[in-house]
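Convention: sequence-line order gives letters A, B, ...; per-chain numbering from 1. Values below: every heavy atom of this structure, side chains too, minus hydrogens, waters and symmetry copies.
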Protein chains: 2
Amino acid sequence: MPQSLIGLRKAELDTPVLCLDRQRFERNIRVMLETVHAGGKAWRPHAKGHKTPAIAWREIGEGAAGITCAKVGEAEVFAAAGIHNILIANVIAGERKAERLAALCRWSSPIICCDHYAQAEPIAASCRRLGVTCRVLVDINIGMNRTGIRPGTDALELGQAIDKLDGLELIGIMGYEGHLLKVADPGEKLRQIREAIGILELSRDSFQNSGLRCDIVSAGGTGSVAITSQCPAVTELQAGGGVFGDPMYVQQCGLEGVEPALTVLATVVSRPALDRAVLDAGRKTTNPDIQAPVVKDHPDAEVVSLSAEHCTLKLGPQSQELRIGDQVELIVGYADFTTPLHDEFYVFHGDRLEAIWPIWARGRLQ
Amino acid sequence: MPQSLIGLRKAELDTPVLCLDRQRFERNIRVMLETVHAGGKAWRPHAKGHKTPAIAWREIGEGAAGITCAKVGEAEVFAAAGIHNILIANVIAGERKAERLAALCRWSSPIICCDHYAQAEPIAASCRRLGVTCRVLVDINIGMNRTGIRPGTDALELGQAIDKLDGLELIGIMGYEGHLLKVADPGEKLRQIREAIGILELSRDSFQNSGLRCDIVSAGGTGSVAITSQCPAVTELQAGGGVFGDPMYVQQCGLEGVEPALTVLATVVSRPALDRAVLDAGRKTTNPDIQAPVVKDHPDAEVVSLSAEHCTLKLGPQSQELRIGDQVELIVGYADFTTPLHDEFYVFHGDRLEAIWPIWARGRLQ
């Protein structure tokens with residue numbers, strides 16, 4: 001980590017680098033937090049989009065109640081950085097993975113999700129061997145049709161079975177309305193999300209009526225946070241991506257109040273035609289999947305293609321002044337798939353490099 | 001690096017992991033080498049798709065003359081691992097980058113490309129300051145319209161200008177027929193590639209007739225290797241991706257003789273419906289861009305969606321026996337965008353883990 005670069009200006013840096021505008025990022029954190037708190041919920045932002053303990057600690061410093069992870073390996077990293085209130089919002093399987101989770105429970109306190117007894121029982125067995133207890137949410141399919149058990153009797157019976165397993169402690173349920181984040185019509189989006197979260201509410205009632213604990217009802221992505229935060233049954237929100245203010249969330253999901261905070265600083269390496277500039281940042285630097293990057297401060301320059309290590313811009317009359325060696329910033333379209341390509345965030349206050357934050361959970365795929 | 005895992009079988013490993021079948025990989029190396037040697041050329045395989053010194057050394061061990069890189073930072077890694085005959089098949093710009101390249105020239109011997117005097121002059125200046133000489137190829141646009149100077153007078157004049165610069169040593173030219181890799185009709189593909197390489201041949205003649213050195217004429221991707229290897233003007237081929245036998249090259253570019261050697265070993269973590277299984281390997285484990293992954297050994301299982309950390313399979317009657325905890329292998333569609341997501345290759349002989357090779361140039365984006 002080249003900490004010796006701190007204090008330099010962008011023009012003094014080699015490229016490409018992943019740049020975080022700290023002021024915008026912190027304003028976005030407050031916007032997300034206020035949205036969740038306005039609904040009276042706790043905020044447990046997902047860390048999969050940043051994988052960075054320094055960022056998680058900023059979120060917690062502002063008021064987040066804990067964090068969400070996608071992988072046991074991510075939880076290990078954040079726990080090692082001192083964060084222990086971690087929901088692993090995912091199901092896991094395999095003997096090695098169960099052993100790892102149980103080992104983590106010896107020195108941290110993760111919460112895991114299950115949608116079948118075939119996951120729960122081996123985890124419980126590993127926990128018993130190590131003399132620990134792992135907290136569990138039942139993952140319920142609320143219409144997304146990825147993981148998640150069928151609501152109703154199936155979910156209740158799974159909850160009852162988990163509740164009986166030594167080594168596990170049932171504490172609630174989760175669901176994800178991920179299939180509804182991009183519903184275009186606001187009224188329709190509201191209706192459909194309320195309906196999906198209604199399934200969680202019925203599940204909570206059925207759990208509690210049967211004497212099962214349901215302290216946590218977890219849901220909510222960044223693309224639905226404004227609506228899901230207002231659904232009474234939900235106790236906490238996972239929405240994590242909004243802190244970067246990605247154009248994807250603003251343009252495709254209608255997220256309001258945030259501004260893009262994440263860019264790739266690149267250099268013009270070739271100017272082979274009047275209307276063409278080539279940058280030193282391709283698909284291995286910024287992943288255009290879901291939402292392509294946008295050129296910052298050059299409104300008539302457009303990203304027309306990205307290969308592995310090149311970004312080709314089509315230049316309009318105003319951007320044709322760009323010369324070989326000039327720097328250009330690309331606004332990252334969707335941070336989630338871009339941050340794992342990098343080892344660190346370069347954190348700026350305006351034009352000045354203030355910090356370099358290691359993306360310690362990068363590559364923690366297990 | 002968990003070297004203590006060596007000797008284990010796949011069933012004993014946690015997932016997901018990136019798996020390389022060493023026997024297939026080595027057969028693919030020989031196929032690529034034989035194709036290039038059949039045309040009487042040298043093979044300088046591109047390393048951007050693997051970023052792994054252990055792999056580059058296997059290629060050199062089999063007969064590769066050197067390697068190709070996309071970034072100065074990659075070249076630094078391979079040089080540190082003892083490989084010094086490196087073509088950086090890319091143009092670079094910016095004072096910091098020129099300084100890095102010159103510093104590399106003090107202890108290694110890279111070759112860089114230029115398509116404009118505005119790149120060449122600052123590199124030459126950095127080299128003079130450090131008392132080194134950097135070898136250069138002129139990058140010529142042979143129809144791909146990404147980087148590359150216009151052939152003809154422009155290219156010749158750039159060659160002459162570089163030849164006069166102290167600190168640089170002009171040794172040849174390169175071009176890339178990357179826009180022709182997927183031409184479907186074999187006859188048309190042959191004709192168009194010959195035409196594109198014909199531009200390089202004319203450029204070489206014009207360089208040599210003007211007394212400029214043109215020892216190296218570099219071209220050729222994996223998708224065109226069979227044709228470009230037979231073009232008389234070319235002296236060496238960059239084709240690197242074929243060593244993994246990616247389905248992309250076989251299906252989209254008609255590459256023959258190779259077999260897929262790269263897979264992601266994953267686990268079924270959820271079985272929420274009769275025809276649906278969910279694996280623990282999503283877009284952060286295998287990038288489906290360019291070519292989606294394919295399920296190995298389960299012909300009636302199909303990848304229907306990939307989110308960040310989940311792969312959803314649609315199961316036919318024969319694969320419906322898959323249970324939570326079972327392992328499934330996904331054949332990587334296009335290795336180039338997948339390997340940078342990982343820290344290491346797990347190298348197998350059959351079912352047995354033989355080695356773990358660090359992907360040391362992962363994230364070397366500068």
Side-chain angles (χ1 to χ4, degrees), chain A residues 12-17 48-49 70-71 90-97 100 115-116 118-119 122 139 141 145-150 178 267-273 276 278 280-281 283-285 287 289 305 307-310 312 323-327 336-337 340-343 362-363 365-366, chain B residues 12-17 48-49 70-71 90-97 100 115-116 118-119 122 139 141 145-150 178 267-273 276 278 280-281 283-285 287 289 305 307-310 312 323-327 336-337 340-343 362-363 365-366:
Chain A
E12 300 173 284
L13 295 173
D14 200 358
T15 64
V17 283
K48 76 185 179 71
K71 295 277 175 166
N90 209 345
V91 297
I92 64 170
E95 195 183 325
R96 292 254 170 186
K97 194 63 103 295
R100 266 175 85 165
D115 71 2
H116 198 283
Q119 303 138 2
D139 175 12
N141 182 2
N145 296 332
R146 192 171 61 184
T147 66
I149 191 166
R150 268 195 305 188
T267 298
V268 176
V269 290
S270 183
R271 279 291 276 109
R276 185 161 88 246
V278 181
D280 59 355
R283 285 168 188 258
K284 293 185 186 173
T285 304
N287 187 327
D289 200 2
S305 79
S307 42
E309 303 288 8
H310 299 85
T312 302
R323 291 183 305 176
I324 288 173
D326 286 351
Q327 290 183 342
D336 198 17
F337 294 159
L341 302 173
H342 295 262
D343 288 329
R362 192 216 70 77
L365 303 171
Q366 296 187 336
Chain B
E12 300 174 284
L13 294 173
D14 200 359
T15 65
V17 283
K48 76 186 178 71
K71 296 276 175 166
N90 208 345
V91 297
I92 65 170
E95 195 183 327
R96 291 252 171 186
K97 195 62 103 298
R100 266 174 86 165
D115 72 3
H116 198 283
Q119 302 138 4
D139 175 11
N141 181 3
N145 296 333
R146 192 170 61 185
T147 66
I149 191 166
R150 269 195 304 187
T267 298
V268 177
V269 292
S270 183
R271 279 292 274 113
R276 186 161 86 245
V278 181
D280 59 356
R283 284 169 189 258
K284 293 184 186 174
T285 304
N287 186 327
D289 201 4
S305 79
S307 43
E309 302 288 8
H310 299 86
T312 302
R323 291 183 305 177
I324 288 172
D326 287 350
Q327 291 183 342
D336 198 18
F337 295 160
L341 302 173
H342 295 263
D343 288 329
R362 192 217 70 75
L365 303 171
Q366 295 186 338

For chain B, which candidate among [options] shows the most heavy-atom pairs at distances under 4.5 Å?
{"options": "A/Leu13, A/Asn141, A/Asn90, A/Val17", "value": "A/Asn90"}
{"options": "A/Arg150, A/Arg100, A/Glu95", "value": "A/Arg100"}
{"options": "A/Arg271, A/Arg323, A/Arg283, A/Arg146", "value": "A/Arg146"}
{"options": "A/Asp289, A/Asn145, A/Asp326", "value": "A/Asn145"}
{"options": "A/Gln119, A/Lys97, A/Glu12", "value": "A/Lys97"}

Counting only non-hydrogen atoms closer than 4.5 Å, does [X] touch chain B with its backbone (N, CA, C, O), its side chain (CB onward), both, or neither?
{"X": "A/Ile149", "value": "neither"}
{"X": "A/Thr312", "value": "side chain"}
{"X": "A/Arg276", "value": "side chain"}
{"X": "A/His342", "value": "both"}
{"X": "A/Asn287", "value": "side chain"}

Winner by heavy-atom pair count (cut-off under 4.5 Å) against chain A, out of B/Thr267, B/Val269, B/Asp14: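 Highest number of heavy-atom pairs under 4.5 Å: B/Asp14.
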B/Asp336: salt bridge (charged side-chain N to carboxylate O under 4.0 Å, His left out) partners, not counting sequence neighbours: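 Testing B/Asp336 for salt bridge (charged side-chain N to carboxylate O under 4.0 Å, His left out), a comparison that skips the adjacent residues, returns A/Lys284, B/Lys48.
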Partners passing salt bridge (charged side-chain N to carboxylate O under 4.0 Å, His left out) against A/Arg362 (at least two apart in sequence or in another chain):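 For A/Arg362, the residues satisfying salt bridge (charged side-chain N to carboxylate O under 4.0 Å, His left out) (neighbours in sequence not counted) are A/Asp343, B/Asp343.
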Give me the atom names and distance for the closest heavy-atom approach of [X] to [Y].
{"X": "A/Ser270", "Y": "B/Gly148", "value": "OG-N, 4.4 Å"}
{"X": "A/Thr15", "Y": "A/Gln327", "value": "CG2-NE2, 3.9 Å"}
{"X": "A/Lys71", "Y": "B/Pro16", "value": "NZ-CD, 4.0 Å"}

Do A/Asp115 and A/Thr147 get their side chains close enough for a donor-acceptor pair, meaning under 3.5 Å?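 Note: A/Asp115 and A/Thr147 side chains miss the donor-acceptor criterion.
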Would you say A/Leu341 and B/Leu341 make side-chain contact, with heavy atoms under 4.5 Å?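 The answer is yes; the side chains approach within 4.5 Å.
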Counting only non-hydrogen atoms closer than 4.5 Å, does B/Val91 touch chain A with its backbone (N, CA, C, O), its side chain (CB onward), both, or neither?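 For B/Val91, heavy atoms of backbone and side chain both lie under 4.5 Å from chain A.
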Contact part of B/Ala70 toward chain A, heavy-atom cut-off under 4.5 Å: side chain, backbone, both or neither?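 The side chain, not the backbone.
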